Colleague: 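Have a look at the structure that comes next, please.
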Amino acid sequence: MKGTYLRFYMHENRKYHHILLYEWLLEEAKKIGIGGGSVFRGIAGFGRHGVIHEEHFFELAGDLPIEVEFLVSDADAERILEMVKQARIRIVYVRAPVEYFMTEGEH
């Protein structure tokens with residue numbers, strides 16, 4: 001299948017209307033009928049300000065990099081991006097054309 005790969009980047013503690021932004025993205029995508037999405041937590045990273053954020057054993061407040069990914073049709077990618085635009089969220093993302101497949105099997 002041909003479609004779009006969307007990946008959003010943020011810090012894990014970033015919020016939108018008192019909700020963690022990655023949780024908001026997943027919930028809102030689900031509400032508009034997107035078939036699935038995933039969140040990945042990085043162990044280290046830095047952004048445009050050059051500050052390195054790393055995971056430490058005793059770290060309680062999470063400021064690590066988070067990636068939210070969607071593998072969707074081109075139309076669904078447009079719907080997700082429009083949802084983010086309407087919410088006026090400023091966020092870095094990658095959008096790339098992709099071919100994706102599902103293997104056959106029982107599980």
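Numbering starts at 1 and runs along the sequence shown. On a predicted model such as this, the values are computed, not experimentally measured, just so you know.
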Colleague: Quick one: do Leu71 and Ile80 end up in the same hydrophobic cluster if we chain Ile, Leu, Val, Met, Phe, Trp and Tyr together by side-chain heavy atoms under 4.5 Å apart?
Modeller: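 Per the 4.5 Å side-chain linkage, Leu71 and Ile80 are not co-clustered.
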Colleague: Are Val72 and Ile91 co-members of a hydrophobic cluster defined by side-chain heavy atoms under 4.5 Å apart?
Modeller: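 Shared cluster, yes.
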Colleague: Side chains of Leu6 and Leu81, heavy atoms from C-beta outward: is any pair under 4.5 Å?
Modeller: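 When only atoms from C-beta onward are counted, Leu81 and Leu6 do touch, with a gap below 4.5 Å.
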Colleague: Using the test salt bridge (charged side-chain N to carboxylate O under 4.0 Å, His left out), find all partners of Lys31 that sit at least two apart in sequence or belong to another chain.
Modeller: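 For Lys31 the salt bridge (charged side-chain N to carboxylate O under 4.0 Å, His left out) partners, ignoring immediate neighbours, are Glu28.
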Colleague: For a quick test of reading the model, state the closest non-hydrogen atom pair linking Gly3 to Asp74 and the distance between them.
Modeller: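 That would be C-OD1, 3.3 Å.
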Colleague: Verify the neighbour count for atom OH of Tyr5: are there more than 12 heavy atoms of other residues, nucleotides or ligands below 6.0 Å?
Modeller: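 More than 12 within 6.0 Å, yes.
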Colleague: Scan the side chains in residues 16-23 for donor-acceptor partners under 3.5 Å anywhere in the protein, sequence neighbours excluded, and list what turns up.
Modeller:
residue	atom	partner	partner atom	Å
Tyr16	OH	Ala87	O	3.3

Colleague: Return the set of residues passing salt bridge (charged side-chain N to carboxylate O under 4.0 Å, His left out) with Arg95 (not counting sequence neighbours), or none when no residue passes.
Modeller: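 Salt bridge (charged side-chain N to carboxylate O under 4.0 Å, His left out) list for Arg95, sorted by chain: Glu78.
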Colleague: Hey, quick one: are Val68 and Tyr100 part of the same hydrophobic cluster, counting side-chain heavy atoms closer than 4.5 Å, chains of contacts allowed?
Modeller: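 No; tracing contacts between hydrophobic side chains, which count when under 4.5 Å, never links both residues.
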Colleague: Quick one: list whatever passes side-chain contact (heavy atoms from CB on, under 4.5 Å) with Glu104, sequence neighbours left out.
Modeller: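 Once residues adjacent in sequence are excluded, Glu104 has no partner under the side-chain contact (heavy atoms from CB on, under 4.5 Å) criterion.
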Colleague: Quick check: closest heavy atoms across Leu26 and Gly37, and the distance to 0.1 Å?
Modeller: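 Closest approach of Leu26 to Gly37: CD2-C, 3.8 Å.
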Colleague: Considering non-hydrogen atoms only, spot the tightest contact between Arg14 and Arg90 and give its length.
Modeller: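 In this case the closest contact between Arg14 and Arg90 is NH2-O, 2.7 Å.
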Colleague: Could you measure the distance from the OH atom of Tyr93 to the CZ atom of Arg7? Nearest 0.5 Å is fine.
Modeller: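 Spacing of OH (Tyr93) from CZ (Arg7) equals 15.0 Å.
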Colleague: Output the distance between atom CE (Met10) and atom CD (Glu67), rounded to the nearest 0.5 Å.
Modeller: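 Rounded to the nearest 0.5 Å, the CE-CD separation comes out at 9.0 Å.
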Colleague: Can you say whether the rings of Phe70 and Phe8 are parallel (under 30°), tilted (30 to 60°) or perpendicular (over 60°)?
Modeller: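 Perpendicular, since the angle between the ring planes exceeds 60°.
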Colleague: Check the hydrophobic clustering (I, L, V, M, F, W, Y; side-chain heavy atoms under 4.5 Å; chains of links allowed) and say if Met83 and Val39 are grouped together.
Modeller: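 In one cluster with Met83: Val39, yes.
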Colleague: Suppose we screen for salt bridge (charged side-chain N to carboxylate O under 4.0 Å, His left out). Which residues come up paired with Glu82, at least two apart in sequence or across chains?
Modeller: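 Testing Glu82 for salt bridge (charged side-chain N to carboxylate O under 4.0 Å, His left out), a comparison that skips the adjacent residues, returns none.
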Colleague: Shortest non-hydrogen contact from Ile66 to His11?
Modeller: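 Looking at all heavy atoms of both residues, the closest pair is CG1-C, 4.1 Å.
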Colleague: Quick one: list whatever passes salt bridge (charged side-chain N to carboxylate O under 4.0 Å, His left out) with Glu27, sequence neighbours left out.
Modeller: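 Glu27: no salt bridge (charged side-chain N to carboxylate O under 4.0 Å, His left out) contacts found.
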